[in-house]
Amino acid sequence: MGLYILQIVILIILFIDVLYWFFSGLKSPWQKLIGLPFLNIAVGTPIIFTSLTRSVFEVSKLLNVRIALIWIVAVILLKAILRKEKLQFAKTPLNWPILAFIAVNIFSVIFSSNQYIALLGAYDRWEGMITEINYMLLIFFYINYVRDRKTLFWLIGALVFGAIASSIYGIFQALQIDFMHWSVDPTARVFACINNPVHFAPYVVMHIPLIIGITFYFIRKYKLSLAGLNERLQIAGFSAQKFLVSLGLLLAALTAIFTIHLTGNFFSFGRATWIGFSLAITLCLALLLSRDQKEIWQDVPFIGYGCFLFNAAYVFKIWSMHALLKYFLWLALAIYIAYIFYAIFAKKNWLKLLMYCMVVLYGGFMQFTSVDLNAIYVSIAALIFLGLWVCKTFPNTLEKVFLIVLLTMLVAVVSLPSASNLYYGQVIKNTLAKQGIRDLNDPNSFAMVADEVNKMVSEKKISGQSANIFLKSTSYAEAFNKGTARTSMWKTGFYMWRDAPLLGQGPGMIKEMYPKFRRADYGRLEGGQQFTPDKLHNDYVNMLATRGAAGFIVYYGWLLLTGFFIILRKLWREGFTAGNFVLLGFFSGLFVYLGQVLFNFGVVATRVIFYEFFCLAVCIALYDPFASAAAGEETECAR
């Protein structure tokens with residue numbers, strides 16, 4: 001079976017390669033040869049796996065990336081030799097931080113207590129220095145060799161294809177139709193072709209903002225509309241009826257988002273992914289609904305600040321951890337409200353700020369609509385406000401229909417299948433209310449909530465999957481406040497960093513060094529299942545522990561921050577042109593991963609997709625491949 005699966009995946013990749021070679025529209029064979037490995041990374045990473053190896057997923061996915069990188073290097077050298085050209089690379093603001101991060105990793109390995117493991121990485125993950133250099137080379141090659149619009153769209157198509165293919169497989173898993181006999185039950189939380197639901201979910205969910213951006217690109221570029229039944233449209237040399245193209249785009253985009261949202265956010269239901277998705281969809285929708293290029297540097301922090309307030313106060317209830325944190329939150333909220341009043345008195349667009357607040361509530365409460373009627377009430381109120389905003393500010397009927405259906409669907413996909421959860425949630429609330437407990441998300445009452453839910457599962461009143469969603473939706477604050485195995489890992493990670501503050505313990509060294517710094521409470525909190533983890537379930541702490549302050553600052557404070565600055569600068573200078581909607585989709589999708597790894601960690605699949613999104617966004621911002629599009633492209637968004 002493992003061999004057959006691998007053969008089928010390779011045939012799929014080769015089939016797409018053949019399509020690219022003959023139909024990409026690129027004239028130069030060298031361009032095609034250099035584009036193929038990027039295409040194989042985008043297509044192969046999500047779907048390739050085999051049971052021929054003990055590590056079913058990681059080895060095959062990492063091998064796919066490394067073969068592609070070797071291919072790129074071979075084509076570059078072969079072209080230089082045959083055409084007698086000098087090797088020349090673009091001078092971009094990312095070159096120095098890439099080199100600096102590679103240097104940090106090298107020195108971190110040299111001063112590590114086990115250079116062999118730091119070089120190769122721990123068994124199964126293999127995320128030592130070699131893999132880190134692979135990722136940095138991937139970024140470097142992307143920003144040097146992905147510049148034209150045709151290659152960009154083939155890569156976007158490959159990314160979306162991989163996400164949809166994985167999601168469709170996830171739906172079959174949820175329906176108990178699977179050709180594999182997994183060691184865990186995939187119907188409880190689907191994981192498709194990626195090794196764990198907590199990694200599968202962010203991988204596919206990152207594509208939702210991207211698909212939104214692509215949809216607006218085509219609407220604006222080709223001036224699509226549901227009006228004008230008899231108008232003709234020329235696309236890539238083909239003539240088609242504009243109404244049918246518009247309707248097809250609408251249905252295709254909504255179906256793709258529905259499929260991904262259903263599997264990634266509902267059937268997999270990872271709490272960390274929901275945090276990331278609430279950040280990403282809030283940022284995407286807020287900037288999309290406003291389209292205000294002049295205040296982009298103010299709006300992005302304002303949106304992020306609102307997301308922080310919502311998660312800190314409502315989701316994690318940090319005010320219950322310490323009395324001082326309650327005053328801190330009140331102060332933070334006062335600053336937020338004061339800025340809104342300042343906007344009103346300064347005659348700025350305070351209505352836009354109100355819209356941002358509604359989007360924050362919409363994105364934040366969405367995950368709770370599966371278990372809490374109050375969340376549904378808030379979400380409906382936000383939907384009504386945002387629907388009115390869309391009707392007022394978007395003159396295009398197609399855009400109005402797309403946005404209103406999208407906003408409604410994102411909530412409905414989570415809430416409608418959860419009717420039994422909502423009903424039993426009220427039953428549980430009423431039962432606990434008699435005991436004086438009125439908040440299901442109160443960390444002090446979670447044990448009693450869990451007992452009631454488990455009792456209903458044993459009585460077969462709700463399914464195991466429903467119970468899983470219910471408990472995970474009501475246990476954020478309990479896990480965060482009372483401490484879990486993951487919080488114990490984070491504390492251990494800080495001990496590791498304190499031991500080697502500048503360069504850390506070395507890449508991939510968590511499993512090797514964990515016994516030395518393990519806290520006494522870890523075994524009890526973990527339940528005796530695993531006493532030596534290979535990751536700290538927080539990539540930020542993981543970076544501090546393994547690469548020290550030097551690696552953390554170079555990676556997050558220089559490399560990623562420089563890329564974000566390049567992206568936002570383009571939006572600020574040009575506004576929301578057709579191409580910049582795609583840029584917004586890529587940029588927003590990044591925050592699914594960045595939010596998810598606050599409580600988890602990246603694997604090959606999720607790290608590769610993150611770097612692909614990051615690099616393609618930077619390539620759009622640096623090289624503006626859409627500028628070479630047909631002369632009729634609309635450059636200013638209609639209001």
(message) Less than 4.0 angstrom from a charged side-chain N to a carboxylate O is my criterion; do R607 and E132 meet it?
(response) yes
Check: [Y] and [X] side chains under 4.5 Å, non-hydrogen atoms:
{"X": "L250", "Y": "L254", "value": "yes"}
{"X": "Y611", "Y": "L590", "value": "no"}
{"X": "T487", "Y": "T484", "value": "yes"}

Provide the closest heavy-atom pair for [X] versus [Y] in the form atom of the first, atom of the second, distance.
{"X": "P46", "Y": "I194", "value": "O-CG1, 4.0 Å"}
{"X": "P97", "Y": "V554", "value": "O-CG1, 3.7 Å"}
{"X": "L333", "Y": "L309", "value": "N-CD2, 4.0 Å"}
{"X": "A163", "Y": "I260", "value": "CB-CD1, 4.1 Å"}
{"X": "M206", "Y": "V592", "value": "CG-CB, 3.6 Å"}
{"X": "G602", "Y": "Y593", "value": "CA-OH, 3.6 Å"}

Where does the angle between the aromatic ring planes of [X] and [Y] fall among parallel (under 30°), tilted (30 to 60°) and perpendicular (over 60°)?
{"X": "F626", "Y": "Y217", "answer": "tilted"}
{"X": "F581", "Y": "F576", "answer": "tilted"}
{"X": "F591", "Y": "F587", "answer": "perpendicular"}
{"X": "Y339", "Y": "F302", "answer": "tilted"}
{"X": "F216", "Y": "F402", "answer": "perpendicular"}
{"X": "F368", "Y": "Y314", "answer": "perpendicular"}

Could you tell me the separation between the [atom1] atom of [X] and the [atom2] atom of [Y], rounded to the nearest 0.5 Å?
{"X": "L403", "Y": "F394", "atom1": "CG", "atom2": "CZ", "result": "5.0 Å"}
{"X": "N600", "Y": "T606", "atom1": "CG", "atom2": "OG1", "result": "8.5 Å"}
{"X": "C307", "Y": "L283", "atom1": "SG", "atom2": "CG", "result": "8.0 Å"}

(message) Are there over 12 heavy-atom neighbours, none belonging to W572, within less than 6.0 Å of that residue's CH2?
(response) no
N/O donor-acceptor pairs under 3.5 Å from side chains in residues 374-389, not counting sequence neighbours:
| from | atom 1 | to | atom 2 | distance (Å) |
| --- | --- | --- | --- | --- |
| S379 | OG | A375 | O | 2.8 |
| W389 | NE1 | L289 | O | 2.9 |
| W389 | NE1 | T393 | OG1 | 3.4 |

(request) Determine the sole option in V360, I303, L407 for which the side chain to side chain contact (heavy atoms under 4.5 Å, CB included) test with L285 is passed. (result) L407
(request) Scan K535, M496, M489, E127 and name whichever one has a side chain to side chain contact (heavy atoms under 4.5 Å, CB included) with N542. (result) K535
Looking at [X] and [Y], would you say the former's side chain and the latter's main chain have a donor-acceptor pair under 3.5 Å?
{"X": "Y555", "Y": "I98", "result": "no"}
{"X": "T369", "Y": "M366", "result": "yes"}
{"X": "E399", "Y": "R220", "result": "no"}
{"X": "S320", "Y": "K317", "result": "yes"}
{"X": "E295", "Y": "D292", "result": "no"}

(request) In sequence, state the C-alpha distance, the side-chain angles, and the governing distance for Y203 and Q596, and then conclude on side chain to side chain donor-acceptor pair (under 3.5 Å). (result) CA-CA 10 Å; Y203 188 99; Q596 192 257 355; over 6 Å; no
(message) Going by side chain to side chain contact (heavy atoms under 4.5 Å, CB included), name the residues that satisfy it together with T259, two or more places apart in sequence or in a different chain.
(response) S167, I168, I171, T255
(request) Output every pair passing salt bridge (charged side-chain N to carboxylate O under 4.0 Å, His left out) with a member in residues 367-385, not counting sequence neighbours, ordered by first then second residue. (result) D372-K429
